[in-house]
Amino acid sequence: MKKIILIILVTFVGFSAQAQAKKSKNLKYTTEVNGNCEQCKKRIEKAAFGVPGVKTANWDITSHQLTVILNEEKSSTADLNNAIAKVGHDTKEVKAAEADYDNLHTCCKYVRE
């Protein structure tokens, strides 16, 4: 009787552990984004959070590195880069349109390559 109870208990625990294992589609992505100030930081991070599937976004003013955790099932890194470019900031992969760059505040205008 004890063996049967032990087998049932082990089986139950095994199924419970398998049911909780999640396959994560989250990607930690880092890219360079041009900008200058705290206003740029807010604009870049707001644009990043506007992309579906972005869980975290942090742009460092001194290194110009944007670090994002992104759910790849909801959007791609290309979607993220396009959203950043749409608010006027060049990324390593996508350059912002001239009209979008011109809409930036004067303190936010960076030297374009």
Side-chain angles (χ1 to χ4, degrees):
M1 185 66 172
K2 287 183 182 180
K3 288 183 182 181
I4 293 174
I5 294 174
L6 183 61
I7 290 171
I8 292 172
L9 183 63
V10 169
T11 304
F12 178 73
V13 171
F15 283 127
S16 296
Q18 283 182 333
Q20 292 179 8
K22 283 187 176 179
K23 293 183 181 177
S24 178
K25 298 288 183 185
N26 291 336
L27 166 73
K28 185 173 182 182
Y29 175 70
T30 303
T31 189
E32 185 176 336
V33 179
N34 292 326
N36 294 327
C37 61
E38 193 68 33
Q39 220 176 0
C40 295
K41 178 179 173 68
K42 288 178 185 175
R43 186 180 311 106
I44 292 166
E45 290 176 357
K46 182 177 179 180
F49 279 119
V51 176
V54 171
K55 300 198 183 302
T56 65
N58 184 33
W59 183 70
D60 185 61
I61 295 173
T62 56
S63 69
H64 294 188
Q65 295 295 311
L66 174 66
T67 305
V68 175
I69 295 179
L70 174 72
N71 183 334
E72 292 179 297
E73 291 179 337
K74 295 185 179 180
S75 61
S76 67
T77 57
D79 296 333
L80 176 68
N81 284 307
N82 289 331
I84 303 293
K86 188 69 182 154
V87 295
H89 293 275
D90 294 342
T91 68
K92 225 175 178 184
E93 292 80 12
V94 179
K95 189 171 182 175
E98 198 64 38
D100 293 330
Y101 174 77
D102 290 340
N103 286 334
L104 292 176
H105 190 269
T106 50
C107 75
C108 297
K109 293 196 177 185
Y110 49 88
V111 178
R112 296 185 91 179
E113 296 177 5

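For reference, positions follow the sequence shown, starting with 1.
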For residues V94 and A85, report the shortest heavy-atom separation together with the two atoms involved.
CG1-CB, 3.6 Å
Tell me, which pairs form a ring-ring contact (aromatic ring centres under 6.0 Å, His included) where one or both residues lie in residues 51-88, sequence neighbours left out?
W59-H64
Holding to side chain to side chain contact (heavy atoms under 4.5 Å, CB included), I want the full list of residues that pass it with V51, two or more places apart in sequence or in another chain.
V54, S75, D79, L80, A83
Supply the atom-to-atom distance Q65 CD to E32 CD, rounded to the nearest 0.5 angstrom.
5.5 Å
Heavy-atom side-chain proximity of I44 to I84 below 4.5 angstrom
yes
In short, side-chain hydrogen bond (donor to acceptor under 3.5 Å, both in side chains) pairs touching residues 96-106 with sequence neighbours left out are E98-R112
Verify same cluster id: I61, Y110 (apolar side-chain graph, 4.5 Å):
no
Evaluation steps, side-chain hydrogen bond (donor to acceptor under 3.5 Å, both in side chains), between E93 and T31
CA-CA 8 Å; E93 292 80 12; T31 189; 3.0 Å; yes
Who passes side chain to side chain contact (heavy atoms under 4.5 Å, CB included) against T56, sequence neighbours left out?
I69
For Y29, all residues meeting ring pair (Phe, Tyr, Trp, His ring centres under 6.0 Å), sequence neighbours excluded:
none
Any residue meeting side chain to side chain contact (heavy atoms under 4.5 Å, CB included) with C37, in chain and number order, not counting sequence neighbours
Q39, C40, C107, C108
Are side-chain N/O atoms of T67 and N58 paired as donor and acceptor at under 3.5 Å?
no
Could you check N34 against V111 for side chain to side chain contact (heavy atoms under 4.5 Å, CB included), going step by step and ending with a plain yes or no?
CA-CA 8 Å; N34 292 326; V111 178; over 6 Å; no
Could you tell me the separation between the CD atom of E73 and the CG atom of N26, rounded to the nearest 0.5 Å?
8.5 Å
Salt bridge between E38 and K42, side-chain N to carboxylate O under 4.0 Å?
no
V87 to L104 - nearest heavy-atom pair and separation
O-CD2, 3.5 Å
Identify, with sequence neighbours excluded, every residue that meets side-chain hydrogen bond (donor to acceptor under 3.5 Å, both in side chains) alongside T62.
D60
At what distance, to the nearest 0.5 angstrom, does NZ of K55 lie from CG of L27?
12.0 Å
